[in-house]
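Worksheet for the structure shown next.
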Amino acid sequence: MALTAVARHPNIYLTSSSFYTFGTPVTPSSTIKTRFPPSPTGTLHVGGARTALFSWLVARRAGGHFILRIEDTDQARNVPGGAEAIIRDLKWLGLDWDEGPYLQSQRLDIYAKHIQKLLDAGHAYYAFETAEELDVLRKQAQEAKQAFRYPRPDPLPTAADADRARSAGKPVVVRLKCPSQAVTVEDEVFGEVQVAADQMDDFVICKANGYPTYHLANVVDDALMGINFILRGQEFLGQTWRHIVLRQALGYPQPRYAHLPLILDMQGKKLSKRDADVDVHSFRRAGFLPEALVNFIVLLGWSPGDNREKFSLAQLREVFDVADIGKSNARFDLEKLRAFNTDACADAAPDRLLTAFKDYLSLNDTPIPADDDNLLAQVLEVCKGFRTFADIPAKVGVLFQADADFEYDTKAVKKVLRKNDAAGFAVLAQLREVLSKCDWQHEILEACINDYCRTKELSMGQVAQPIRVAVTGRTVSPQIIDTLMILGHDKTLARIDRCLDLPR
RNA sequence: GGCCCCGUCGUCUAGGUAGGUCCAGGACACAGGGUUUUCAACCCUGCAACACGGGUUCAAAUCCCGUCGGGGUCACCA
């Protein structure tokens with residue numbers, strides 16, 4: 001398995017035999033240990049990113065450990081490169097981990113042992129129904145307006161029965177015997193949640209192909225890796241009883257749980273993993289700063305309890321508290337994120353901004369040359385006030401195109417140059433002469449143009465706009481002197497000449 | 001549909017554990033104005049919420065009950 005990004009982490013190849021032994025949790029329970037266990041079936045979206053962030057924060061705040069584990073037990077749904085992409089995005093956000101990434105696909109022997117142990121202890125049993133047969137039963141339950149519960153056979157099938165079923169070509173799965181008493185989930189966000197006995201049924205822990213289900217693998221790994229504080233989305237709250245019951249059957253201690261309110265889209269629906277708009281990586285490509293995304297995301301479901309809302313990762317490590325997590329779902333408001341990004345860009349140190357901008361350019365096709373740091377710094381400077389990096393090529397990209405390549409916007413030409421008996425063209429023609437004699441330095445250019453304004457009794461607006469349209473084809477660009485400085489003497493004059501040739 | 005969770009401005013939220021200091025505060029958005037050489041940024045002002053109905057209490061956004069609304073979950077997916 002080619003995991004280039006993963007391979008930099010020394011623990012990646014840790015498997016059962018090299019580190020963990022069967023049934024022995026490794027970490028002293030006094031240390032807080034959290035984890036983020038994505039499945040590589042899609043990309044990292046803001047919901048997953050927030051879960052990772054909160055888990056990381058809890059561990060870091062407590063001086064504990066944070067683990068990354070890839071849950072790739074669904075052969076059919078694994079996406080090639082999925083794990084690498086998630087790792088890339090987590091790193092971009094500024095998160096790191098003390099162990100892992102572990103790969104569940106490399107730990108199958110561990111799960112098999114646990115399943116066998118459960119079977120031997122009488123906590124689990126074999127079942128042979130096909131998907132179709134189960135569907136029929138579910139439909140019946142639905143029509144009877146009841147929760148579906150797998151009908152536990154009596155007597156339970158034996159290992160011999162399983163062998164017979166297998167040779168008869170039937171699917172053989174293993175189910176856990178659920179308890180007959182209610183289970184209480186002690187959640188640190190939602191409080192105590194009771195699950196009645198008749199709401200639980202004997203769920204599958206081992207698939208017909210021999211792979212463990214999510215519930216089994218997740219619980220076993222959390223226990224063996226010493227995870228004692230689990231943070232995850234609220235969609236898991238109603239299923240947590242399975243994990244509690246599994247741990248009881250296995251004889252493992254219960255961890256602390258904190259379920260997080262969901263992040264919904266602006267329509268009020270749960271964010272979909274297939275919704276590319278909320279991918280962490282698409283925000284990166286779209287020109288957002290990770291610190292802005294982190295700051296925005298942490299406020300979805302968490303608040304410090306006062307009016308503060310600007311936080312760096314380092315500050316969050318100091319103030320984040322599970323007790324301040326709210327219960328109600330939040331909607332993802334892109335406009336607020338954009339506002340946060342605007343502020344983050346304005347506040348970023350110049351070299352940090354330059355690095356991020358170059359990252360943006362490397363991910364996008366723009367006319368801006370990415371190899372000249374001084375030029376890039378200059379561009380960043382004259383575009384101050386931008387909301388995302390994407391605003392920059394939109395604003396100055398035309399300055400880096402060939403002089404004959406850009407179009408003149410008809411409306412701009414009409415409004416700025418042609419109107420009032422081509423007054424703008426007249427100004428432009430005179431300006432051409434002025435500028436041709438100018439030394440191309442900021443102060444000198446400024447003095448030249450100011451001079452011209454004074455002599456002709458024109459406002460800066462009446463002068464700057466014709467130049468702007470002439471050299472960019474549009475009415476929008478950085479301040480006119482800055483625009484000309486980036487363009488340079490020759491290109492400025494060439495473009496003015498081209499403009500002067502336009503039909504009046 | 002069964003079960004579970006949630007319900008303060010359009011959005012994110014403070015306040016609710018210890019009811020009065022909240023005719024509800026902040027931020028984003030929006031509207032108007034200002035600055036300006038265009039755009040963006042920036043500055044000022046404004047608009048705007050305790051879902052509804054019953055209780056408890058001298059007093060409820062804060063406590064209780066009901067209704068309604070929203071979301072989640074019911075897989076050999078995670």
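Quantities reported herein were computed from a predicted structural model and do not represent experimental measurements. Proteins get letters first, then strands, A, B, ... in listed order; numbering begins at 1 in each.
- As the counterpart of B:C22, no nucleotide is assigned, since no Watson-Crick or G-U wobble pattern has both distances under 3.5 Å.
- Within the 4.0 angstrom heavy-atom criterion, only backbone atoms of the sugar-phosphate kind lie near A:S303; the bases stay farther away.
- In this structure, the nucleotide among B:C4, B:G71, B:A41 sitting nearest to the side chain of A:V193 is B:C4.
- Checking B:A14 for Watson-Crick or G-U wobble geometry (two distances, each under 3.5 Å) identifies no partner in any strand.
- Atom-to-atom distance recorded for A:L431:CG and A:F425:CZ is 13.5 Å, nearest 0.5 angstrom.
- Proximity of A:R474 to the phosphate of B:C39: no side-chain N or O atom is located under 4.0 Å from OP1 or OP2.
- Dashed line: the shortest gap from a side-chain N or O of A:R338 to OP1 or OP2 of B:U11 is not under 4.0 Å.
- Ion pairing between A:D198 and A:R149 fails under the 4.0 Å rule for side-chain N and carboxylate O.
- In this structure, B:C9 makes no Watson-Crick or G-U wobble pair, since no nucleotide meets both defining distances under 3.5 angstrom.
- Dashed line: the shortest gap from a side-chain N or O of A:T213 to OP1 or OP2 of B:A75 is not under 4.0 Å.
- In this model, the phosphate group of B:G7 is not approached by any side-chain N or O of A:K327 to a distance below 4.0 Å at OP1 or OP2.
- The side chain of A:D333 has B:U11 as its nearest neighbour among B:U11, B:C5, B:U73.
- B:U36: no Watson-Crick or G-U partner with both key distances under 3.5 Å is found in any strand.
- Going from atom CZ of A:R242 over to atom P of B:C74 covers 7 Å, rounded to whole Å.
- B:G46 is paired with B:C30 under the criterion used here, namely a Watson-Crick or G-U wobble arrangement in which both key atom distances are under 3.5 Å.
- Taking only side-chain atoms of A:I481, from C-beta outward, the nucleotide of B:A29, B:U37, B:A75 with the closest atom is B:U37.
- Pair assignment for B:G1 gives B:C74, based on Watson-Crick or G-U wobble hydrogen-bonding distances that are each under 3.5 Å.
- Just one residue in the list A:D221, A:T213, A:T73 forms a side chain to side chain donor-acceptor pair (under 3.5 Å) with A:Y111, and that residue is A:D221.
- Checked for salt-bridge contact, A:K336 and A:E309 meet the test: a charged N lies under 4.0 Å from a carboxylate O.
- Regarding contacts with the backbone of B:A29, a side-chain N or O of A:R387 is found under 4.0 angstrom from either OP1 or OP2.
- Taking the ring axis of A:Y150 as reference, the NZ or CZ atom of A:R152 does not stay both within 45° of it and closer than 6.0 Å to the ring centre.
- Put simply, A:K395 has no side-chain N or O that comes within less than 4.0 Å of OP1 or OP2 on B:U38.
- Contact annotation for A:D391: no contact, since no heavy-atom pair falls under 4.0 Å across all strands.
- For the pair A:Q479 and B:U38, the criterion of a side-chain N or O lying under 4.0 Å from OP1 or OP2 is not met.
- A close approach under 4.0 Å does not occur between any side-chain nitrogen or oxygen of A:K336 and OP1 or OP2 of B:C30.
- Judged by Watson-Crick or G-U wobble contacts below 3.5 Å, the nucleotide B:A61 has no partner.
- Contact check, A:K270 against B:G72: no side-chain N or O comes under 4.0 Å of OP1 or OP2.
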